[in-house]
Protein chains: 4
Amino acid sequence: MSPRSDQQNEVLRTESRARIIAAALRLFGSQGYEATSVRAIAEAAGVAQGLMYRHFSGKEALLQAIFAQSIADVRESFAIAAAGRPDQSPVERIVRTALALVQERRDFWRLSYGVRMQASVLRALGGALPDWTAEIRATLEQALRASGSAQPTVDAALLFASIDGVAQHYVLDPKGYPLQAVTEALVARFK
Amino acid sequence: MSPRSDQQNEVLRTESRARIIAAALRLFGSQGYEATSVRAIAEAAGVAQGLMYRHFSGKEALLQAIFAQSIADVRESFAIAAAGRPDQSPVERIVRTALALVQERRDFWRLSYGVRMQASVLRALGGALPDWTAEIRATLEQALRASGSAQPTVDAALLFASIDGVAQHYVLDPKGYPLQAVTEALVARFK
Amino acid sequence: MSPRSDQQNEVLRTESRARIIAAALRLFGSQGYEATSVRAIAEAAGVAQGLMYRHFSGKEALLQAIFAQSIADVRESFAIAAAGRPDQSPVERIVRTALALVQERRDFWRLSYGVRMQASVLRALGGALPDWTAEIRATLEQALRASGSAQPTVDAALLFASIDGVAQHYVLDPKGYPLQAVTEALVARFK
Amino acid sequence: MSPRSDQQNEVLRTESRARIIAAALRLFGSQGYEATSVRAIAEAAGVAQGLMYRHFSGKEALLQAIFAQSIADVRESFAIAAAGRPDQSPVERIVRTALALVQERRDFWRLSYGVRMQASVLRALGGALPDWTAEIRATLEQALRASGSAQPTVDAALLFASIDGVAQHYVLDPKGYPLQAVTEALVARFK
DNA sequence: GATGAATGAGATTTCATTCAT
DNA sequence: TATGAATGAAATCTCATTCAT
């Protein structure tokens, strides 16, 4: 009864959505959220401007969707990667995995670092970013406690900040930054 | 035509300029550069919108002026503060001074962290931010070399990232963040 | 290619058309023509957006179709209802029948009153509305002449305006308006 | 201290505002509220599009301002005109004054009749229109009671509807409508 | 030196309409 | 016949900037 089958429609929709998200992530990451226009996203995605609004209720909703998906992706990748190295200590595994993921998903991290100081944008994200941050801090604290840290809460705050700082400096200048060497140095200091 | 003396005019001008910069720094820091309108800055500064254009050629030039002045201020404060503690090692002095300055100039740091991922904004700043970054890194490297670090370049990159990360986490949640304890932990690990 | 007979197709077509007209009339009447989107009509009718374009060449043509059909319906109902009361004078019959029909077809009257001040919409209707209006006025004039009115043209204009005004006030607040009493008062004054 | 004096600014603002309101009233009246774009209003007023937003928070607020001002104007004109004819009965004065005002302010009445069936637009007006309507009805009722009407409430409803209907038919075709004659006929029937 | 009314380019968003199936 | 994803023109609105005084 339907002219295009439901399956065909599903494929079309999914592909459009993915293209829009990919283009938006790229542009948001490189130019910033506010500096990226919906028109630019549509052009980069190769679709009409209006199409975005059939997938997302607006620019903010698109940002939310990107965060929701990226956070889910990163969490999953993290779980898989971290589980694979039983020879490393928990702290070492976390550090190495986190910094490897930053390499893989540079655009998302740029975006994330770019929006986290902007009240208006953060508001649009609801509590997604703070919640995630708290979760990471808790994981680090647990790992440090297991490693015999005397003050795991403070050490977790410091380690988290260090990872975050390294990630950010790397993302600002991926080609010039000695990520491997810095990773080793960081692991060495927190082992 | 003007009944005011040149000197009086000069004072007025300087005061207006300072008020505009202060208002802009506050708003840029809390809302982000793009999300802050010139109108909002003028209102917060208690001047007319047009006045900004008699002091700066545009919004971008205002941002540049803020950076130029803030960087100069921070550099000066840094020199003074660091010189005052001959009892501490160079590395310790830098860490403590840097994190103390972050507390003093939260708005500037928020702004700085907020724009550094935005290509368009960075472009407006010319090389000011990268240059400054390089300078800090070099200072750290020198201090670490003096402390006998085996690989001062890598250690400087790590220490810089750690300070930056701590500063950023603090700035994101000044009330909740245990800055003192984290500062001590950081000093301890790099002494 | 189609397994359905021509007759079945014809039934489907007629049903779709009727549902679209009904939904459009309801929405146009309650929200206004411009404020009603084609998408909303399709949703209310339970069909796909594109289907409207297989029945009508566009939104304007749909409006024309609604008017054409509604005018025909009202005319027919009017003829039947008016013919049935030989005990009443022609003027009384017209007044009572008209106000009874307004109750029956509130949505159409709302729509009609809503669009009649809008040049662009009127243009789309061609001369349908003015023609109909002239026809009603002529009928009233004839009835008033039969009733012995001294100036049937002017009296027809006044009576028409009064009926129209009552109808409109009723349609604006169907529950609160004392339509019966006002109808009696109107009949009394023009008998 | 101010470059243009406050008075000059006041004049500029007031003139712009008046031009925008006049242009909007004209276009809303002839094309309808929804069919009139802000761009068209600005062009007709001879100002830039953005200027409207420095006087009104949006298109809806402009509509509200037009209604507020027009209702105030009409109320005032009404009071003056009605007071001037002690030789006429209250009912006669009201009818004659109302229909004279419709001639004077055709655009406003067209607009008023055009929006009163549109839920979305009415909502924007808050209760202004219903409140005004109720006020008129009450005035009519009082006048009819003074004239010795047996059922003043119903008679007021009928008279109001008749005036409204005549006004609307006149406004739809000002040149062809025999307003004077119909006014006389209406006065005669309700005296 | 300072003001704020005015401008107009460009942003986000809506929606009538098309078209492959 | 019917579907609904996709289009793109046009709408409302924002905001950096200009300019007369």
Side-chain angles (χ1 to χ4, degrees), chain A residues 1-6 8-13 15-17 34 36-42 47-55 57-60, chain B residues 1-2 4 6 8-13 15-16 34 36-42 47-55 57-60 62, chain C residues 1-4 6 8-13 16 34 36-42 47-55 57-60 62, chain D residues 1-6 8-13 15-17 34 36-40 42 47-60:
Chain A
M1 173 102 59
S2 179
R4 281 202 196 97
S5 71
D6 285 358
Q8 279 174 312
N9 276 330
E10 177 65 19
V11 168
L12 278 175
R13 266 192 80 77
E15 275 181 3
S16 296
R17 197 188 136 101
E34 308 260 15
T36 301
S37 71
V38 171
R39 171 181 300 266
I41 295 169
V47 300
Q49 283 187 70
L51 187 56
M52 199 208 78
Y53 294 89
R54 290 190 51 84
H55 287 276
S57 65
K59 200 183 168 188
E60 273 193 12
Chain B
M1 174 87 70
S2 171
R4 286 190 290 268
D6 286 359
Q8 281 176 312
N9 271 337
E10 181 59 24
V11 169
L12 284 175
R13 236 190 108 71
E15 274 179 5
S16 297
E34 306 261 13
T36 301
S37 71
V38 171
R39 169 178 301 263
I41 295 169
V47 300
Q49 305 162 57
L51 187 56
M52 198 207 78
Y53 292 88
R54 302 200 128 261
H55 288 276
S57 66
K59 198 183 170 189
E60 277 194 359
L62 172 56
Chain C
M1 173 90 69
S2 171
R4 285 191 290 270
D6 286 0
Q8 280 176 314
N9 271 336
E10 180 59 23
V11 169
L12 283 176
R13 237 190 106 72
S16 298
E34 307 261 13
T36 301
S37 71
V38 170
R39 171 179 298 262
I41 295 169
V47 300
Q49 306 162 57
L51 186 56
M52 198 207 78
Y53 293 87
R54 302 201 130 259
H55 288 277
S57 67
K59 199 184 170 187
E60 278 194 359
L62 171 56
Chain D
M1 174 98 59
S2 178
R4 281 201 196 97
S5 70
D6 285 358
Q8 280 174 312
N9 276 330
E10 177 65 19
V11 168
L12 278 174
R13 266 191 80 77
E15 276 180 3
S16 297
R17 197 188 136 101
E34 307 260 16
T36 301
S37 72
V38 171
R39 170 180 299 267
V47 300
Q49 285 185 67
L51 187 56
M52 197 208 79
Y53 294 90
R54 290 189 51 84
H55 287 276
F56 310 98
S57 66
K59 198 184 169 188
E60 272 192 12

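Here is how names work: the chains are called A, B, and so on, in the same order as the sequence lines, proteins then strands, and each is numbered from 1.
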Starting at atom NZ of Lys59(A), determine the distance to atom P of dT14(F), rounded to an integer number of angstrom. 15 Å
Can you tell me the distance, in whole Å, between the OH atom of Tyr53(B) and the C1' atom of dC15(F)? 8 Å
Is there a donor on the side chain of Arg54(C) or the base of dA2(F) sitting less than 3.5 Å from an acceptor on the other? yes
Length of the CG-C1' vector between Leu12(C) and dA2(F), whole Å: 9 Å
What is the distance, rounded to the nearest whole Å, between atom CG of Leu62(B) and atom P of dC15(F)? 16 Å
Expressed in angstrom and rounded to an integer, what is the separation of Gln8(D) atom CD from dT21(F) atom C1'? 7 Å
Testing dT1(F), dT12(E), dA5(F) for proximity to the side chain of Asn9(C), the answer is dT1(F)
Starting at the 5' end of DNA chain E, which residue's closest nucleotide do you reach first, Gln49(A) or Arg39(C)? Gln49(A)
Taking every heavy atom of Arg13(B) against every heavy atom of His55(B), the minimum-distance pair comes out as O-CE1, 3.1 Å
Reading DNA chain E from 5' onward, which residue's closest nucleotide shows up sooner: Glu34(A) or Ala48(D)? Ala48(D)
Atom-to-atom span, NE2 of His55(D) to P of dT14(F) - whole angstrom: 15 Å
Once you apply a heavy-atom cut-off of 4.0 Å, does Val38(B) come out as touching a base, just sugar-phosphate, or nothing? base
Go nucleotide by nucleotide along DNA chain F from the 5' end; which of Gly50(A) and Val47(C) gets its closest nucleotide reached first? Val47(C)
